Amino acid sequence: MDLENIQPKSVLDTRGLTCPMPLLKTKKALKEMVSGEILEILGTDPGSKKDIPDFGNKGGNQFIGMQDSSEGYTRYFIKKG
Amino acid sequence: MKTELQNYYSAVFDQEWPSWLAGILLAIIALMIFLWQSPWGVAAGYNNWGDWVFHLAGAGAYKERPLVSWLHPVSLSNAGILSGAFVSALMARQFKIHPAPKLEYVKGLVGGILMGTGAAMAKGCNVGGFYSAVAMMSAGGFAMMIGLFAGAWVGLRYLLWEMEHLPGQTVHSEPKDKKKSKSFDWKKIQPYIGVLVVLGVIIAFYVYAFLNKTQLGGWLFFGFLIGMVMHRSRFCFVRAFRDPFMTGEATMVKAVVISIIIYFAGSSVIKWSYLQEPSMGVYHPFVLGSLIGGFIFGIGMLLAGGCATSTLWRVGEGQTKLMVNLVSFALSDSLASKFLVTSGLDKKLGQDIFLPDVLTWQITIPFMLVFFLTWVLVAMWNEKTEKFVIF
């Protein structure tokens, strides 16, 4: 999927937060969304690069992809299942 | 040839190692440390650093000069873990100073105070008080494990409350301007700095050997290996206690259990054959000290987002929140230990129990296996059913 032109329903900013906060906030944000909607997560924790994709594929959700931005953070996309 | 080497480099230094592999490696290194001198711990090193701060500040109870940190085995292995994680982050071109929002620093600070207090009561952190303790068959290790679970549960409850009630804070890094991209590219030379640090550790080992202190040099070197392994795999004891309540994930439980079973198997061979004193590494206050200490430590590690070991390797990759945590852990561990000893309270917290003395070897070994396999099975069942997940 083309990550550049993706239209997320909401954006969750976790920049500066460390394990486990990005994951907790992702779980909470996904709970408040409807099936089919896309959540974008911004993060700087190195641990998130494995945690968020792993978690994103659990519970019927789908991890779409991630992309490093030029400003030093990473964007993650999860589709609510 | 060149691409093959690049692939190997990437497999070792870029890609994350599976946690079960790290668990096996960790147990092997821990056994080498046990044979080298005595079981692996971490908190005593923090304690030594804290003692020095108070001694230098001229605090009354700290008149006596603490052991010099570069002659203190646990302080050296901690320095090894720090440098190992630093090298690992450099080799992956990942080292970066990570700033954090204000609230996170407060949590690092408070978490460290709780962790230091808990470790002082249990006479060990998640490593000396739990991981090494259970492998050495000290009853206190099991009491601390129960405390850690309870503390992790309470700590997670707090994090959930915080998420609902306190405004979220984040740190926005300024977008790089064009001038900056022209300047020196640190990322490219990181692996070379890493190689220099490795050389430094090797030279330090030879210097210790030359000064007839080979055993101390070994602590530094083993710590270095642990730091590499833990950072490469992001091995984290906190997760084994937290994830079953948070996401239900059992990955780290499996890794910790594999590690404990190997560590314990090796230590039974070493102890039963008297290669080392059977009661070595058994000094944990069963039951109160280990249980309450574990509980307080457990809350602290959730707030901090790191235990004694993962704080070290996270500092090694540049996380500032954990740097705050390291300092407050060291200071509070030193203060709490001093208080427990001078007040005589440490005598009332319990006594050390070596399981084979009570249960015999014939029962201790199957008990250990059944106990830890049960932990894994429950965690795997929980992964499917999410029965213990509170959020």
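Note that the structure is predicted; figures quoted are calculated from it, not measured. First the proteins, then the strands, lettered A, B, ... as listed; each starts at 1.
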Would you indicate whether the side-chain heavy atoms of [Y] and [X] approach each other to under 4.5 Å?
{"X": "Leu159(B)", "Y": "Lys107(B)", "answer": "yes"}
{"X": "Phe245(B)", "Y": "Phe149(B)", "answer": "yes"}
{"X": "Val389(B)", "Y": "Met246(B)", "answer": "no"}

So for [X], is it side chain, backbone, both, or neither that comes closer than 4.5 Å to the heavy atoms of chain A?
{"X": "Leu103(B)", "result": "neither"}
{"X": "Glu317(B)", "result": "side chain"}
{"X": "Glu16(B)", "result": "side chain"}

Select, from Glu104(B), Glu249(B), Arg314(B), the one with the greatest count of heavy-atom pairs under 4.5 Å involving chain A. Glu104(B)
Using non-hydrogen atoms only, which part of [X] is less than 4.5 Å away from chain B: side chain, backbone, both, or neither?
{"X": "Lys28(A)", "value": "both"}
{"X": "Lys49(A)", "value": "neither"}
{"X": "Lys27(A)", "value": "both"}

Here's one to test your reading of the geometry: is the NZ or CZ of Lys31(A) within 45 degrees of the ring axis of Phe391(B) and under 6.0 Å from its centre? yes
Parallel, tilted or perpendicular: ring planes of Phe329(B) versus Tyr46(B), cut at 30 and 60 degrees: parallel
Shortest non-hydrogen contact between Phe241(B) and Met145(B), atoms and distance: CE2-O, 3.8 Å
